[in-house]
Asker: 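Attaching a single structure in structure tokens format; questions to follow.
Computation of the quantities below employed the complete heavy-atom set of this structure, encompassing side-chain atoms and omitting hydrogens, waters and symmetry-equivalent molecules. In what follows, chains carry the letters A, B, and so on, assigned in the order in which the sequence lines appear, proteins first and then strands, with residues in each chain numbered from 1.
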2 protein chains.
Amino acid sequence: MDDHTDQTRKPRADAVRNRERVLEAAKLVFSAGGSEASLEAVAKRAGVGIGTLYRHFPMREALFEAVYRREVEQLGELAEQLKNEKDPIEALRRWLHSGVAFVATKKGMMAALALAVQSGSELHAFSFERLTKAIGSLLDRAVAAGEMRADINPEDLLRAFFGMCYVHDQPGWQATALRLLDVFVDGLRVQPPGKAKARSSKMAKPATKRKR
Amino acid sequence: MDDHTDQTRKPRADAVRNRERVLEAAKLVFSAGGSEASLEAVAKRAGVGIGTLYRHFPMREALFEAVYRREVEQLGELAEQLKNEKDPIEALRRWLHSGVAFVATKKGMMAALALAVQSGSELHAFSFERLTKAIGSLLDRAVAAGEMRADINPEDLLRAFFGMCYVHDQPGWQATALRLLDVFVDGLRVQPPGKAKARSSKMAKPATKRKR
DNA sequence: CGAAGATACGGAGGCACCCTCCGCTTAACA
DNA sequence: TGTTAAGCGGAGGGTGCCTCCGTATCTTCG
């Protein structure tokens, strides 16, 4: 685990720089154009040859991975901060809500990502672990405080979160996702028999417009 | 709206037959290989020329649409049947659970579908309406019976359902989805202050294994 | 039934993108 | 500064997407 025991050259400066450029370009291109965007477009935007792109990211999937990895990191860090929140359930809900806002800026990324994750790659392992740990800590706190049922594990919650965020097709999807998450959190809450429906007052607005 | 007022020829028999063949082939191919599968493979499997495929379904998306439309129909019909169930909430839950099983057989289809729906096509309008109506009737019954909170509309519930079904990557995803849906339904339930946590006995199994 | 006309079929071909491969360039190390 | 390995770029072979049009087949009408 030393730094220079097995004669490893220092990585070339231009290689590092190019890798960074490609990542940045990919983030922009995928954000805008979705997973459809051609890798050649990414290379062009990054100002590197297509060959360079492929050396750094041998498969299309690898590029998604790298781009997405950063985003996941950010979500994880957010959870860390929220652990300072007083009310544990509120902290959890805040995280979920923030997650929605975060996802909202990703647009096309999500579709690409979904496909990438589907393939059962290592990306899945990484992000799942990172986020599970994050959400798990929030969850544990709430359970320990006796405010939340203990039969749902972090993985489940994470899945539910992603699921609800996934459906973003119409303009108002964010509000919907937030509402759905609130309901879910209500379902998780341990209701003291006495004030069973008290917390519902937190959901200020009723559903938008009861169709049909 | 008559049948033969504006001189419409009867559609050619071979055209109808070929369309059917392509649909069947597409269903199989997409089910197996996911959205990656080439349309030329579909054409070959259907035993028609690539040109024929493209005339019937001008865009890749159109093919997904047509295939998916049937599946949606089936889900809708299932809801009709479940309206005869006694317990309205149980009926709703049964529908959701059946939905999971249904989705489970689709495998790769879901990814393709997600992309198609994303594009805000007419498919979305159709399936959303069909399923919303189906789920809405189940929901209304439960609300009318005073067993369910009234501030969640059918659209929301549908989104939640799809969201939870979407995350299918690992072997055990079905069990997870079912559990998540149960939690969600619990969240929807109006809890009589007296027996607040009584219904939780319905969730026989605890979460599989509380990781970390 | 047979001719006429509409309609559909098939697959060649143009295009875009994927990915590989290799001669040239450039940074790291001595 | 010279040596050497790592990295760069983009030409090029391959595949799949989609269009276009000459040919085949079905419907209709006399």
Asker: Take the protein atom NE2 of His56(B) and the nucleotide atom P of dA8(C), then report the distance between them rounded to whole Å.
Answerer: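 So the NE2-P distance, His56(B) to dA8(C), works out to 7 Å.
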
Asker: Looking at Arg149(A) and Asp186(B), is any side-chain nitrogen of the basic one under 4.0 Å from a carboxylate oxygen of the acidic one?
Answerer: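 Arg149(A) and Asp186(B): salt-bridged.
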
Asker: For Arg55(A) and for Glu40(A), locate the closest nucleotide of DNA chain C by heavy-atom distance; then report the residue assigned to the nucleotide nearer the 5' terminus.
Answerer: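 The residue whose closest nucleotide sits nearer the 5' end is Glu40(A).
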
Asker: When the distance from CG of Leu53(B) to C1' of dA12(C) is rounded to whole Å, what number comes out?
Answerer: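 Between C1' of dA12(C) and CG of Leu53(B): 17 Å.
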
Asker: Can you tell me how far P of dC9(C) sits from CZ of Phe57(B), to the nearest Å?
Answerer: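 Going from Phe57(B) (CZ) to dC9(C) (P), I get 11 Å.
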
Asker: For residues Phe184(A) and Met164(B), determine if any side-chain heavy atom of one lies less than 4.5 Å from a side-chain heavy atom of the other.
Answerer: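 Yes; the side chains approach each other to less than 4.5 Å.
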
Asker: Below 4.5 Å, heavy atoms only, C-beta onward: do Glu24(A) and Arg21(A) meet side chain to side chain?
Answerer: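 They are not in side-chain contact.
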
Asker: Expressed in angstrom and rounded to an integer, what is the separation of Leu39(A) atom CG from dC19(C) atom P?
Answerer: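 It works out to 7 Å between those atoms.
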
Asker: Quick check: do Leu39(B) and Tyr54(B) have side-chain heavy atoms less than 4.5 Å from each other?
Answerer: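 Touching, per the 4.5 Å side-chain cut-off.
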
Asker: Given atom CZ of Arg21(B) and atom P of dA8(C), what is their separation to the nearest angstrom?
Answerer: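 Those two atoms, CZ and P, are 16 Å apart.
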
Asker: Tell me, please, the opening and closing nucleotides of DNA chain D, 5' to 3', among those with an atom under 4.0 angstrom from a non-hydrogen atom of chain B.
Answerer: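 Range of nucleotides within reach of chain B: dG16(D) to dT28(D).
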
Asker: Give the minimum heavy-atom separation between Val16(A) and Pro11(A), together with the two atoms involved.
Answerer: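 Val16(A) and Pro11(A) have their closest heavy atoms at CG2-CB, 4.4 Å.
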
Asker: Rounded to whole Å, please give me the gap between CG in Leu63(A) and P in dC18(C).
Answerer: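 Whole-Å distance recorded here is 11 Å.
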
Asker: Any carboxylate oxygen within less than 4.0 angstrom of a Lys/Arg side-chain nitrogen, looking at Arg94(A) and Glu85(A)?
Answerer: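 Yes, charged N to carboxylate O under 4.0 Å.
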
Asker: Check whether any side-chain heavy atom of Ile135(A) sits under 4.5 Å from a side-chain heavy atom of Leu92(A), and report yes or no.
Answerer: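 Answer yes - side chains close enough.
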
Asker: Would you tabulate the nitrogen or oxygen pairs shorter than 3.5 Å linking the protein to nucleotides 26-30 of chain C?
Answerer:
from, atom 1, to, atom 2, distance (Å)
dT26(C), O2, Arg12(A), NH1, 3.0
dT26(C), O2, Arg12(A), NH2, 3.4
dA28(C), OP1, Ala13(A), N, 3.3
dA28(C), O4', Arg9(A), NH1, 3.3
dC29(C), OP1, Lys10(A), N, 3.1

Asker: Please walk me through it: do His56(A) and Leu63(A) pass side chain to side chain contact (heavy atoms under 4.5 Å, CB included)?
Answerer: CA-CA 8 Å; His56(A) 284 297; Leu63(A) 188 50; over 6 Å; no

Asker: Please evaluate residues Trp95(B) and Leu181(B) with respect to the criterion side chain to side chain contact (heavy atoms under 4.5 Å, CB included), reporting the C-alpha separation (whole Å), side-chain torsions for both, the decisive distance (0.1 Å), and the verdict.
Answerer: CA-CA 11 Å; Trp95(B) 188 84; Leu181(B) 286 169; over 6 Å; no

Asker: Please give, in whole Å, the distance from dT20(C) P to Met59(A) CE?
Answerer: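 Interatomic distance, CE of Met59(A) to P of dT20(C): 10 Å.
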
Asker: Please report, rounded to the nearest Å, how far the P atom of dG13(C) is from the CD1 atom of Ile50(B).
Answerer: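 Between P of dG13(C) and CD1 of Ile50(B): 16 Å.
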
